[in-house]
Amino acid sequence: MRAWILERQSKIEDRPLKLVDIPDPEPREGQIRIKVRFCGICRTDLHIAEGDHPLHKKPVILGHQIVGTVDRSRGRRIKEGDRVGLTWLYSSCNSCKYCLTGRENYCPDIVRTGWDVDGGFAEYVIAEEEYVAPLDIPLKDEDCAPLMCPGVIAHLCYELAEVKPGDKIGLIGFGPTAFYLMKIANHIGADVYVSTRSRYHQEIAAELSARWIGNIAEKDFPDKMDSIIYFPPAGEMFTRALRNLKRGGILVLAPIASQSPMIVENYGEDLWGKDIRTVYNIRRSTIMKMLNLARKVDFSIDKEVFDFEELQDAMIKVRSGKLERMTAIIRVG
Ligand SMILES: [Zn+2]
Ligand SMILES: [Zn+2]
């Protein structure tokens with residue numbers, strides 16, 4: 001099969017990925033093989049390619065927003081020909097206290113797609129049957145791909161923030177996860193306040209009927225929020241976020257890395273009586289909840305579709321901030 005492999009990490013402009021021909025992978029008992037149709041590009045792929053996260057295998061095939069058709073099944077539930085998705089959660093131990101209570105995102109032996117094992121920037125990918133998402137939902141293949149990461153993360157943010165109808169939710173930063181969160185909030189009837197500098201993202205937020213759009217680096221939200229979801233991979237807006245939160249409110253931190261410290265300057269004023277939670281990997285229950293919602297909510301997203309051969313150009317475009325779409329995906333087969 002053709003696959004993009006990463007052997008040595010470096011800046012994406014140095015083109016660290018190589019397109020190679022390697023033998024097709026074969027599933028073991030309990031596994032399936034997916035013929036990949038589309039795979040979304042995630043910031044995490046850039047973090048791994050560029051060395052912000054260490055390599056866990058060498059070479060590795062990145063990509064964890066995978067949609068395809070099962071072409072070989074050695075499982076019991078999933079059949080050949082089924083449309084399935086594969087997320088960042090490749091597998092977990094199934095026996096630790098976290099796995100036994102449905103919180104496998106904290107499993108110390110968690111295995112992540114496109115980092116610990118090969119992912120979807122290839123014609124085929126192997127998956128554990130128990131961890132794939134059956135995609136029997138009314139959504140096109142190319143729209144299912146980003147649902148597998150930002151979509152599921154959006155639902156996890158929504159769960160962690162305990163959003164209720166009528167709540168005021170603040171979003172600091174705006175990307176595909178924020179986009180899906182707005183769709184969920186609109187569905188349940190919560191009001192969303194969006195802080196972003198990007199004109200394009202402000203337009204998208206307006207189309208999604210945001211209650212308020214601005215930039216809280218310059219001006220606070222017009223009200224205190226019941227919950228705030230924080231996306232910047234840096235701490236500069238952290239205190240500002242806390243100050244815009246009600247007592248009893250929940251701040252959910254969504255970045256997977258922070259380039260600068262998140263400092264509580266004034267415990268009594270800013271933090272006392274407020275909760276801080278973080279997004280850490282994903283759970284199967286969250287994947288299933290998001291798929292259930294996809295039967296009621298239209299999760300199609302504005303995206304740029306690149307050919308398989310253009311993966312690295314697409315990643316460079318994402319890195320440079322020149323992608324004037326919500327997300328980028330590659331068409332594999
Ligand atoms: Zn991702
Ligand atoms: Zn476990």
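Read the numbers this way: they start at 1 and go in the same order the structure lists the ligands and their atoms.
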Just verifying a value: how many Å separate L171 CG and Y193 OH, rounded to the nearest 0.5 Å? 12.0 Å
Quick one: are the ring centres of F299 and Y180 less than 6.0 Å apart? yes
Interatomic distance, OH@Y131 vs OG@S92, rounded to 0.5 Å, equals 3.0 Å
Same apolar cluster (I L V M F W Y, side chains within < 4.5 Å links), I34/I78: yes
Parallel, tilted or perpendicular: rings of F308 and W4 (30°, 60°): perpendicular
What is the name of the N/O/S atom of H64 that is nearest to the Zn ion (ligand 1)? NE2
Within a radius below 2.8 Å of the Zn ion (ligand 2), how many protein N, O or S atoms are present? 4
Between F221 and W212, what is the ring plane arrangement, given parallel below 30°, perpendicular above 60°, and tilted in between? perpendicular
